[in-house]
Structures are given as C-alpha cells and as structure tokens.
There are 2 protein chains.
Amino acid sequence: MIQINPVSQPSLVDEVAGRLRQLVESGALTTGDRLPSEPQLVKRLKVSRTVLREAIGRLEAIGLLTVRRGSGTFVANGESLTTATQLIRSALAISTHDLLKVAELRRCIETHCARRAAQFATDAEIADLQAHYQRMTTSAGLPIESVMKYDFDFHKKIAQLSGNDVLSGVLQVIQDFIYASIAQTMEQPGLPQAPHDLHLEMMEAIRARDPERAERAAAAHMDTVDARLKFVAKKSAQD
Amino acid sequence: MIQINPVSQPSLVDEVAGRLRQLVESGALTTGDRLPSEPQLVKRLKVSRTVLREAIGRLEAIGLLTVRRGSGTFVANGESLTTATQLIRSALAISTHDLLKVAELRRCIETHCARRAAQFATDAEIADLQAHYQRMTTSAGLPIESVMKYDFDFHKKIAQLSGNDVLSGVLQVIQDFIYASIAQTMEQPGLPQAPHDLHLEMMEAIRARDPERAERAAAAHMDTVDARLKFVAKKSAQD
DNA sequence: GCAAGGTAACCTGTCAGACATCATACATGG
DNA sequence: CCATGTATGATGTCTGACAGGTTACCTTGC
C-alpha cells in the first residue's frame with residue numbers, strides 16, 4: 001500500500017487570505033493602516049467579492065484585521081489578546097464536556113487570582129469588590145440567572161484584581177462555558193448555592209492582604225463547587 | 001468630553017457564529033460530529049447563505065470547525081488548534097509584556113498539574129515520563145526547535161498525568177502560543193535554558209508521590225521561565 | 001472668512017440565485 | 001463479486017443588487 005498524500009489544493013479563499021497576511025507580515029502595512037477597499041482589492045486580485053470577504057473575515061477572526069462598517073478594513077493592533085482567549089475558548093469547546101474537569105481549570109485560576117489579588121489590590125479596588133459582594137448577597141430572591149450572574153461577577157472582579165487580563169479573560173470564557181452547559185442540561189433549582197460565608201472569607205482575606213489565606217478560601221470555595229457538580233452528576237445518573 | 005461608547009450592534013455574522021459556537025460548547029455537538037448542511041442551516045437560522053458561510057469560515061479560522069468540500073462541516077478535533085495557532089504565529093507579534101501574562105496562566109496550570117500528577121500517576125506513566133526526560137536531556141546538540149519541542153513534550157506529559165484532558169489541552173494551546181511568539185520575536189541563542197535540575201526535581205517529586213514538593217518544583221521552574229522572559233524583554237527594550 | 005449643517009460619494013453588510021466542483025452511495029454491467 | 005458509471009447532495013465561486021453606516025465636501029448663513 002503506497003502512501004498517497006492527497007493533493008490538497010488550497011482554496012481561493014486561503015490563497016487570498018495568505019496574500020493579505022503577507023502584506024502585513026512583510027511590513028507593507030502596519031498597525032492601523034487601512035487596506036484598499038473591497039472593490040479595489042477585487043479588481044487587483046481578480047477574485048469575486050465573496051471570496052475576498054471570506055478571506056478578510058477569517059483574518060479578522062484570528063485578530064489580524066479589524067473591519068469597520070462604512071469606513072474600511074484596518075490592520076489590527078497586536079495588543080488584542082482576544083485571540084489568545086479565543087483559542088482557549090476553542091480548546092475548551094472541543095475538549096471533553098465534563099464539567100468537573102472544567103471546574104478544575106477554574107480552580108487553578110481562581111486560587112491563583114485570589115492570591116494575586118491579596119498582593120496587589122488597591123484600597124479603591126477592594127471597595128469596589130465589596131460593592132460587588134453587596135450586590136450578590138442582596139440578589140437572593142431574583143431569578144436564578146441573575147443570581148448566577150452576580151456570583152460570576154464577584155469572582156470575575158477578583159480575577160481582575162490580579163492585574164492580569166489574560167487570567168480574567170480566560171475565567172470569563174470558563175464561566176460562559178459553565179453557564180452554557182448548565183443552562184442546557186439542567187436548570188433545576190434545589191441545588192444548594194455556595195455559602196456566602198466563603199465569599200466573605202475570600203474578600204476579607206484579600207482585604208487583609210493575606211495571600212495564603214485568600215488562596216485557601218478560594219480553594220475551599222471551589223470544593224463546594226465540586227461538591228455541587230458531583231451532586232448534580234449523581235442525580236442525573238439516577239434519572 | 002463625554003465618553004460615548006458606540007452601540008456596537010453585533011453583525012449577523014457574529015450572531016450566527018456565536019450560535020454555532022454555542023452548539024459545540026453546550027455539548028450538543030462534539031468532536032467529529034457533522035453539522036447540518038448549509039441549506040438546512042440557512043432555513044433554520046433564517047439568514048442568507050452568505051452570512052452563514054462567513055460565520056462558518058471564521059469558526060474554521062480559529063480551529064473550531066473543519067469544512068470538507070463535498071462532504072460537509074464537522075466539529076474539529078484538538079489537533080487542528082495547533083494549525084490555527086501556526087496560522088497566527090507569524091501574524092501576531094505579541095509583546096513580551098503580554099507574554100508574561102500568558103506565562104502566568106501557564107504557571108497556574110503547571111503547578112496544579114504537577115501536584116495532581118504526584119497524586120494520581122501510575123508507575124507505568126512515571127516510567128513514560130522518565131523516557132521523556134531522557135529524550136529531553138539528550139537533545140542538547142539539536143536545533144533550537146527540537147530542544148524546545150522536547151522540553152514542551154516533557155511538560156505536556158506531566159499535564160497529561162493529571163488525568164484532566166482539559167488542563168493538558170489548554171496547556172497545549174498556551175505552549176503553542178508561547179512558541180509562536182518566541183519563534184517570531186527572537187530566536188537569539190544565548191538566552192539560558194531552564195536548568196535540567198528543576199526538571200529532574202519535578203520528576204523526582206512526582207515519582208516520590210509528594211504533591212507539595214512537585215508543586216514547589218513546578219513553581220520554581222516557572223520562576224526561571226519568568227526570569228528568561230524578563231531578560232528578553234529588557235534586552236529588546238535596549239534595542 | 002468661517003462655522004454649522006446637509007448631502008453625496010464611498011464603504012461594508014446582507015440578500016438571492018446560479019453554476020462549478022467535489023465526495024459519496026447506489027445501481028448497473030462485466 | 002468487483003469495477004465502473006452515474007445520480008445526488010455537499011461545498012466553492014461568481015454576479016448583481018440593495019441596505020445601512022462613515023466620511024468628506026460643499027453649500028448656506030453669519
């Protein structure tokens with residue numbers, strides 16, 4: 001059996017995307033520059049506008065270009081870390097859908113962020129965090145989506161206090177993922193919320209500028225999250 | 001001057017892309033599954049084929065989907081993520097400052113995985129890890145890409161020992177990202193490699209089934225990584 | 001002369017329909 | 001039973017059109 005590697009003929013879209021990418025790589029166009037308009041590119045590249053637009057769309061998806069309706073297409077600034085988080089998002093999406101495994105990833109990030117927050121947070125930021133805590137504790141009677149949102153917001157705020165927007169961005173992706181999974185599989189109430197004591201303990205530890213204590217509190221909180229997920233998993237297994 | 005945040009109304013393409021992404025994230029579709037054909041999706045989503053195709057194209061660009069002409073559109077597997085990052089590699093020149101943030105994410109995961117590996121790894125897996133270590137230490141004379149690859153493989157193996165494929169998957173993406181950035185910005189030799197002592201210490205700690213020690217070793221290793229990145233950052237600032 | 005406002009030109013976003021090309025399954029003939 | 005041709009449905013590309021947003025210029029009033 002001879003190994004025949006299929007002749008992969010690159011599609012026109014890939015061809016055009018590569019050509020445009022080369023424009024940026026070669027330095028002919030740099031951050032902020034405007035590309036020629038679509039009609040002009042169509043004439044120059046001798047392809048249909050459909051193909052050109054799909055190529056531009058892909059380059060925009062990976063963060064290389066930015067399209068502004070009505071004005072034109074521009075070379076994006078490399079600072080857009082959205083591409084990094086988007087990749088993480090993809091990695092999450094195509095991995096297994098075991099919520100417990102995703103929760104473990106969340107644990108990695110939350111404990112680390114709690115520690116960092118205790119190290120770096122300013123007084124103003126801590127006051128802001130307290131405001132988030134207040135909003136969360138007073139959301140008891142609201143619908144489940146609101147309660148979850150305020151809960152997520154509190155954790156997201158701590159992540160932001162770490163000063164690392166990659167970490168907070170990834171945590172956001174994880175939360176979106178968890179929310180999407182939960183919303184689909186089970187909106188049963190009755191599963192116990194994490195006790196606010198632990199949230200309070202996290203906040204107090206950060207306020208006391210005690211990294212070790214903050215990390216322990218975050219870990220304890222994730223223990224309750226794991227326990228809840230296992231509870232739900234067991235329950236759905238019974239059905 | 002009041003800050004007016006423009007009401008960015010998401011385009012139809014973004015809307016559709018998000019909807020399709022949710023299908024995968026929610027678990028309704030998993031790796032290898034085929035999406036409905038374009039005509040079917042057009043009828044269901046009530047959008048034109050143009051919009052649908054652009055949305056699919058973007059998701060393919062970030063490695064979430066794979067389109068096979070004549071057969072259909074499928075949910076991609078994790079390996080295609082690597083190709084997606086390779087696509088970004090040359091295009092995205094990430095600053096060393098941002099690279100430090102990504103490295104912090106790597107630290108979160110590596111320390112946690114080292115701990116878990118020390119808890120869960122079987123004898124056979126540890127033997128496999130030793131084989132990886134051997135391969136890495138004997139790659140001294142090889143080109144820099146090979147050295148880095150074996151280094152990454154060693155860390156990836158530890159992540160796999162954690163038994164959580166979400167963690168190892170995300171770490172894979174991070175490594176690709178870091179590698180892409182390094183390969184672009186500076187392939188200068190002269191920057192010191194992480195001493196193999198630390199790698200050995202990580203492995204020994206795992207073999208000794210000592211989670212605390214493994215985590216400490218991983219953290220120490222990441223300290224050297226941070227130091228290297230800061231070294232490069234300082235050097236590039238001098239230029 | 002200058003500034004405010006309106007308008008026209010240009011740009012991207014979306015749509016509909018058509019045809020080409022590729023992959024697969026099935027029927028047919030050897 | 002195997003090989004081949006074909007029908008079918010999938011994605012790839014093209015064309016033309018219109019809608020909606022941006023920008024620059026030009027007019028108008030001061």
Side-chain angles (χ1 to χ4, degrees), chain A residues 1-2 4-21 23-24 29 32-76 80, chain B residues 1 3-20 23-24 29 32-77 80 83 87:
Chain A
M1 186 61 177
I2 310 175
I4 303 285
N5 42 345
V7 179
S8 64
Q9 63 172 25
S11 68
L12 256 182
V13 172
D14 291 332
E15 193 90 23
V16 172
R19 199 79 71 89
L20 293 180
R21 202 180 63 217
L23 274 182
V24 179
L29 293 173
D33 286 354
R34 216 198 85 168
L35 271 68
S37 71
E38 291 180 1
Q40 288 176 342
L41 284 174
V42 161
K43 274 196 293 186
R44 263 201 256 178
L45 294 169
K46 304 281 191 190
V47 296
S48 71
R49 195 171 157 226
T50 308
V51 170
L52 174 65
R53 279 186 57 80
E54 288 206 17
I56 291 177
R58 286 163 194 238
L59 294 180
E60 188 184 18
I62 66 173
L64 186 62
L65 299 179
T66 297
V67 181
R68 283 206 288 273
R69 176 175 185 176
S71 37
T73 304
F74 303 82
V75 178
S80 63
Chain B
M1 187 61 177
Q3 174 74 16
I4 302 288
N5 43 344
V7 180
S8 63
Q9 62 173 20
S11 68
L12 257 182
V13 172
D14 291 331
E15 193 91 22
V16 172
R19 198 79 70 91
L20 294 180
L23 274 183
V24 179
L29 294 172
D33 286 353
R34 216 197 85 169
L35 272 68
S37 71
E38 291 179 3
Q40 288 176 342
L41 284 174
V42 161
K43 274 196 292 186
R44 262 201 258 178
L45 295 170
K46 305 280 190 188
V47 296
S48 70
R49 196 169 157 229
T50 307
V51 170
L52 174 66
R53 280 185 56 79
E54 288 207 18
I56 291 177
R58 285 163 195 236
L59 293 179
E60 188 186 16
I62 64 174
L64 186 62
L65 299 179
T66 297
V67 181
R68 283 206 289 272
R69 178 175 185 177
S71 326
T73 304
F74 303 81
V75 179
N77 59 355
S80 65
T83 66
L87 219 164

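In the text below, chain A, chain B and the rest are named by the order of the sequence lines, each starting its count at 1.
Protein atom CG of A:Leu52 is 15 Å distant from nucleotide atom C1' of D:dT15, rounded to whole Å. Between the CG atom of A:Leu65 and the P atom of C:dC11 there is a distance of 17 Å, given to the nearest Å. Taking atom CD of residue A:Glu54 and atom P of nucleotide C:dT14, one finds them 13 Å apart after rounding to whole Å. As a whole-Å value, the separation of A:Arg49 CZ from C:dC15 C1' is 11 Å. Straight-line distance from the CD atom of A:Gln40 to the P atom of C:dA9: 17 Å, rounded to whole Å. When the C1' atom of D:dG20 is taken as reference, atom CG of B:Leu12 falls 13 Å away, rounded to whole Å. Per the geometry, CZ belonging to A:Arg69 stands 11 Å off P belonging to C:dT12, to the nearest Å. Atom CZ of A:Phe74 is separated from atom C1' of C:dT12 by 11 Å (rounded to the nearest Å).
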task: Taking Watson-Crick and G-U wobble pairs with both distances under 3.5 Å, convert DNA chain C into its dot-bracket string, 5' to 3', dots for unpaired and | for cross-strand pairs.
output: ||||||||||||||||||||||||||||||
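Across A:Leu65 and A:Val75, no two heavy atoms sit closer than the pair CD2-CA, 4.0 Å. Nearest heavy-atom pair, A:Leu64 versus A:Arg21, reported as atom, atom and distance to 0.1 Å: CD2-CG, 3.5 Å. Smallest separation of non-hydrogen atoms from A:Arg58 and B:Gly57: CG-O, 3.5 Å. Residues B:Ala55 and B:Ala17 share a closest heavy-atom pair of CB-N, 3.7 Å. Residue B:Val42 comes nearest to B:Arg49 through the heavy atom pair CG2-CA, 3.7 Å, listed as atom of the first residue, atom of the second, then distance.
In the interface, the side chain of A:Arg68 is not paired with the base of C:dG13 through any donor and acceptor atom under 3.5 Å apart.
Within the structure, a side-chain polar atom (N or O) of A:Ser48 is placed less than 4.0 Å from OP1 or OP2 of D:dC14. Look at B:Arg53 and you'll find a side-chain N or O under 4.0 angstrom from OP1 or OP2 of D:dG12. The side chain of B:Ser37 contributes an N or O atom lying less than 4.0 Å from OP1 or OP2 of D:dA10. In this model, the phosphate group of C:dT12 is approached by a side-chain N or O of A:Thr73 to a distance below 4.0 Å at OP1 or OP2.
Place A:Gly70 and A:Lys46 on DNA chain D by their nearest nucleotides, and A:Lys46 ends up nearer the 5' end.
For A:Arg34 (side chain) and A:Ser71 (main-chain N/O), a donor-acceptor pair under 3.5 Å exists by modelled atom type.
Within 6.0 Å of the CZ atom in B:Arg19, the count of heavy atoms belonging to other residues, nucleotides or ligands does not exceed 12.
Residue-level contact check: B:Ser71 touches the backbone only, with heavy atoms under 4.0 Å from sugar-phosphate atoms and none from bases.
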